[in-house]
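Here's the structure we're looking at; comments come further down.
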Amino acid sequence: MESVITNEKDERFIELTKELDNEYFQNIGDAVFKYQDYNDLNDPHIVILVLNWSKPIACGSFRLFDKDTIEIKRVYVKKRYRGKGIAYKMVKQLEKMAIEENFRYSIIETGKNNEAAINLYRKLDYEPIDNFGIFKDDDLCICMKKEFKTMIF
């Protein structure tokens with residue numbers, strides 16, 4: 001397996017996000033449509049694709065949220081590759097890139113019933129926060145945040 005850095009225009013990323021959206025639809029039905037505009041790919045994203053024999057099997061991205069904060073987005077691993085630590089490694093790699101660009105925080109939103117994702121983010125030291133933006137007062141979502149610890153040498 002290998003990972004490549006790309007952007008939101010990469011067709012492989014777009015295809016994987018369509019699979020992610022289909023999975024969300026299976027889990028929450030028509031409610032998925034209220035998040036469609038928020039999950040569009042119009043804003044610039046830094047994207048990681050994980051490839052297995054040149055075929056895309058996982059993706060994750062981040063976009064600018066504010067001057068100090070990135071938002072992790074579109075984290076997805078195809079079902080047959082789950083449980084192998086791929087999502088963990090992708091998010092860590094995204095965080096490393098954000099730290100190198102001097103961002104201080106990372107935020108993420110996921111489904112309140114998405115236990116696998118919530119456990120992943122807790123393992124990565126994300127903590128629940130008040131829901132932000134369109135997720136405010138949304139009972140289907142949970143928002144989380146992580147402060148990047150500055151390293152002192």
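Everything quoted here is computed from the prediction, not taken from an experiment. For the single chain, residues carry numbers from 1 onward in sequence order.
- Using a 4.5 Å heavy-atom cutoff, the side chains of F103 and T69 are not in contact.
- Residues E100 and K96 are in side-chain contact: their nearest non-hydrogen atoms beyond the backbone lie under 4.5 Å apart.
- A salt bridge does not link E15 with R12: none of the charged nitrogens is closer than 4.0 Å to a carboxylate oxygen.
- In this structure a side-chain-to-backbone donor-acceptor pair under 3.5 Å is present from E8 to H45.
- Between K145 and E127, the closest side-chain pair of non-hydrogen atoms is not below 4.5 Å.
- To the nearest 0.5 Å, the span separating CZ on F148 from CG on N102 amounts to 11.0 Å.
- Between Y105 and F65, the distance from one ring center to the other does not fall under 6.0 angstrom.
- Between K112 and L140 there is no side-chain heavy-atom pair separated by less than 4.5 Å.
- One finds a salt bridge joining R74 and D21 here, because a Lys/Arg side-chain nitrogen approaches an Asp/Glu carboxylate oxygen to under 4.0 Å.
- Using the six-membered ring where Trp is involved, Y121 and Y126 have ring planes that are perpendicular, over 60° apart on the 30 and 60° scheme.
- Formation of a donor-acceptor pair under 3.5 Å by the N114 side chain with backbone atoms of A117 is found in this model.
- Between I70 and A98, the shortest heavy-atom distance links the atoms CD1-CB, 3.7 Å.
- E101 places none of its side-chain heavy atoms less than 4.5 Å from the side chain of I46.
- Tested against E95 for a salt bridge (Lys or Arg N to Asp or Glu O under 4.0 Å), the candidates K149, K146, K89 yield a single pass: K146.
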Pair I86-M1, side chain to side chain contact (heavy atoms under 4.5 Å, CB included): steps then yes or no: CA-CA 10 Å; I86 295 170; M1 280 190 243; 3.9 Å; yes
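- Looking at V47 and D10, their side chains never come closer than 4.5 Å, going by heavy atoms from C-beta outward.
- Taking all atoms of both residues into account, the shortest heavy-atom contact from Q93 to S3 is OE1-OG, 3.5 Å.
- For N119 (side chain) and E115 (main-chain N/O), a donor-acceptor pair under 3.5 Å exists by modelled atom type.
- Side-chain contact check for D43 versus L64: every heavy-atom pair is 4.5 Å or farther apart.
- The NZ atom of K136 sits 13.5 Å away from atom SG of C141, with the distance rounded to the nearest 0.5 Å.
- The shortest distance between side-chain heavy atoms of Y76 and R82 falls below 4.5 Å.
- For the atom pair CD (E23) and OG1 (T17), the distance works out to 12.5 Å, reported to the nearest 0.5 Å.
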Candidate pair L124 and K92, rule side chain to side chain contact (heavy atoms under 4.5 Å, CB included), full reasoning: CA-CA 8 Å; L124 288 159; K92 290 296 278 183; 3.3 Å; yes
Test log, rule side chain to side chain contact (heavy atoms under 4.5 Å, CB included), inputs R63 and K73: CA-CA 7 Å; R63 68 179 178 185; K73 304 274 301 165; 4.0 Å; yes
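- In the displayed structure, N113 atom CG is contacted under 6.0 Å by at most 12 heavy atoms of other residues, nucleotides or ligands.
- The SG atom of C143 lies 7.0 Å from the CD1 atom of I107; values are rounded to the nearest 0.5 Å.
- In this structure, OG in S61 is found 11.0 Å from CD1 in I5, a value given to the nearest 0.5 Å.
- Atom-to-atom distance recorded for T110:OG1 and F135:CZ is 9.5 Å, nearest 0.5 angstrom.
- Test I72, L49, V77 against M90 for side chain to side chain contact (heavy atoms under 4.5 Å, CB included) and you get one pass: V77.
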